[in-house]
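The figures that follow rest on heavy atoms only: side chains count, while hydrogens, waters and symmetry mates do not. As the structure is a computational prediction, the values presented were derived from the model and not from experiment.
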Amino acid sequence: MLFVFYFLSAISITASILPFIRNQHWIFRVWEFGRVQIVVLQVATLLLGFLFLQDISVIFWSVLVVHLGLIINHVIILIPYTTLYKRNTARNNTIDSNPISIISVNVYQFNEHYEKLINLVEEVQPDILLTMESDQNWENALTQIEDDYPNFKKVPLENTYGIHFYTKLKVDYIKVNYLIADDLPSIEASLFSENGMKFTFFGVHPPPPSPTEEDTAKERDGELLAVGKKVKEIQGPVIVVGDFNNVAWARSSILFRKTSELIDPRIGRGFVSTYHAKYKLLRFPIDLFFHSTDIFIEDFKTLRNIGSDHLPLFCSFFINTKNEVQKEDVETLEEEEEETVEEIIENGIEEESDRPAVAKEY
């Protein structure tokens, strides 16, 4: 039992310490995803130690102190993403726009249960549908919804970075951006609510740092921060949604939030974890959503499994350009962070990836 205690301690302490190292290699960045699971493992390890260790040594107490310090750090980082955290809300709010709803979902390119998503869309009837990892097969299947969603932009790719955008709303423009690499598209759209309120939509899907995909987070972080800079230049209501391949509490997500000066609706609401759809205990919130201060969230949740490894993310909101209560939630970059952002974007552009044009299922 002594061996088990120290073995679990070594794993959980190492996993907690690695994210402190500001290196973009996946070995350091991947542990940010599992902070919830890591802190649970640490607490369980401590209980194991107290319950079964008879001869508690100086080494044990040293390990205990390290555990406690790291657990406190995890809690400080995670507590804003729980319902215990107070957030600003608009009470007795007037509504400038009709309610607007979005489904954002990474469909998993090799998932052939097309009808599951189509049935979900027909049932929920969102105003906007964003799909990621959608290839030509997915595009062919989704022609069934085009009578209800006459405005769209389709970018079918076979490299798991295809992206499709469908909307019922009136459109000013829809365009595809390639901010970091010519095989990583993102969507930018200027839209109008039913009663004519204009807002801008960004849909993103940067690559993850992982042993099976990109060695580093350079492209992911560069893409997110490049989008953040574009967002800051836009006047009026803005939303950014998609599979960020990043958790909300990661340093690069926080830099994105500060760069764009947008708000994370998870703060004060809960984790709303989307991946992995099949393993509830190993689920992380990597499909993210950010919004400007004049957008107020009514509902924010995951929807049922469509056969993908991601759960669909659903959000409904309205626009109020007069209520300024959420401006208190906006964070901005410090001077040294501005330099860091520029460096990260430049590193992302310079990074050379060897992504295959046609991905294979592992």
Side-chain angles (χ1 to χ4, degrees), residues 30 32-40 74-90 99-108 116-117 120-121 123-124 126-133 201-206 208 220 224 227 238-254 256-257 260 262-293 295-318 326 329 331:
V30 73
E32 294 174 317
F33 289 58
R35 282 193 186 274
V36 176
Q37 289 80 4
I38 292 168
V39 74
V40 170
H74 286 308
V75 170
I76 291 171
I77 290 171
L78 295 173
I79 199 70
Y81 304 95
T82 70
T83 55
L84 299 175
Y85 192 85
K86 183 180 179 295
R87 70 179 189 275
N88 290 314
T89 57
I100 301 163
S101 59
I102 297 172
I103 290 179
S104 169
V105 58
N106 182 321
V107 298
Y108 184 59
K116 289 188 176 181
L117 176 58
L120 182 64
V121 169
E123 176 186 321
V124 177
D127 296 295
I128 298 168
L129 171 66
L130 178 74
T131 67
M132 292 147 289
E133 286 203 30
F201 172 99
F202 286 87
V204 300
H205 182 210
R220 181 198 69 185
L224 294 179
V227 171
V238 181
I239 56 174
V240 182
V241 65
D243 175 6
F244 279 52
N245 277 312
N246 206 14
V247 284
W249 50 79
R251 177 171 176 260
S252 52
S253 287
I254 294 171
F256 168 82
R257 196 171 73 214
S260 62
L262 298 182
I263 297 170
D264 183 350
R266 279 182 167 86
I267 293 177
R269 282 189 173 84
F271 297 119
V272 194
S273 298
T274 54
Y275 176 91
H276 195 287
K278 295 180 181 178
Y279 310 114
K280 192 170 184 179
L281 296 179
L282 295 175
R283 194 171 289 173
F284 318 119
I286 66 172
D287 295 271
L288 304 186
F289 186 104
F290 293 87
H291 64 89
S292 54
T293 58
I295 284 176
F296 292 85
I297 306 300
E298 289 190 313
D299 197 6
F300 188 70
K301 62 186 179 183
T302 57
L303 302 176
R304 67 174 179 265
N305 195 341
I306 62 157
S308 172
D309 50 356
H310 290 245
L311 294 173
L313 185 66
F314 174 83
C315 182
S316 65
F317 62 91
F318 62 86
Q326 293 187 121
D329 297 328
E331 298 174 81

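Residues passing the side-chain contact (heavy atoms from CB on, under 4.5 Å) test with Leu303, sequence neighbours excluded: Ile103, Leu120, Val124, Lys301, Pro312, Phe314. Under the ring pair (Phe, Tyr, Trp, His ring centres under 6.0 Å) criterion, His310 pairs with Tyr275, sequence neighbours left out.
When every heavy atom of Ser101 is checked against every heavy atom of Pro126, the shortest pair comes out as OG-CA, 3.2 Å. Considering all non-hydrogen atoms of both residues, Asp287 and Arg266 come closest at O-NH2, 2.9 Å. Pro265 and His291 get closest at one heavy-atom pair: CD-CD2, 3.9 Å. Asp264 approaches Phe290 most closely through the heavy-atom pair CB-CE2, 3.7 Å. Between His74 and Arg35, the closest heavy-atom pair is ND1-NH1, 3.1 Å.
Side-chain N or O atoms of Arg257 include none that pairs as donor or acceptor with a backbone N or O of Leu262 at under 3.5 Å. Within the 3.5 Å criterion, the main-chain N or O of Asn245 finds a donor-acceptor partner in the side chain of Arg220. No donor-acceptor distance shorter than 3.5 angstrom exists from the side chain of Glu32 to the backbone of Trp249, with no hydrogens or angles considered. Checking side-chain atoms of Thr274 against main-chain N and O of Leu311 turns up no donor-acceptor pair under 3.5 Å. No donor-acceptor distance shorter than 3.5 angstrom exists from the side chain of Asp309 to the backbone of His276, with no hydrogens or angles considered. Distance alone, capped at 3.5 Å, places no donor-acceptor pair between the Thr83 side chain and the Gly270 backbone.
Side-chain contact check for Val241 versus Cys315: every heavy-atom pair is 4.5 Å or farther apart. The shortest distance between side-chain heavy atoms of Ile263 and Thr293 falls below 4.5 Å. Looking at heavy atoms from C-beta onward, Gln37 lies out of side-chain contact with Leu281 at the 4.5 angstrom threshold. Side-chain contact between Leu288 and Ser253 is present, with at least one heavy-atom pair separated by less than 4.5 Å.
Distance check, rounded to the nearest 0.5 Å: OG1 of Thr131 to CG of Leu129 gives 6.0 Å. From Glu298, atom CD reaches atom CD1 of Ile100 across 10.0 Å, with rounding to the nearest 0.5 Å. A distance of 6.5 Å separates OG in Ser104 from CZ in Phe201, rounded to the nearest 0.5 Å. Here OG1 of Thr82 is found 13.0 Å from CZ of Arg269. Values are rounded to the nearest 0.5 Å. Rounding to the nearest 0.5 Å places CG of Leu130 at 10.0 Å from CG of Asp243. Rounded to the nearest 0.5 Å, atoms OG (Ser252) and CG (Leu224) are 6.5 Å apart.
The ring-ring contact (aromatic ring centres under 6.0 Å, His included) test with Phe244 is passed by exactly one of Phe289, Phe284, Phe256: Phe256.
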Report task. Output, in order, the C-alpha distance, side-chain angles, deciding distance and verdict of side chain to side chain contact (heavy atoms under 4.5 Å, CB included) for Glu133 and His205. Result -> CA-CA 9 Å; Glu133 286 203 30; His205 182 210; 3.8 Å; yes
Report task. Decide yes or no on side chain to side chain contact (heavy atoms under 4.5 Å, CB included) for Ile102 and Ile239, but give the supporting numbers first. Result -> CA-CA 11 Å; Ile102 297 172; Ile239 56 174; 3.1 Å; yes
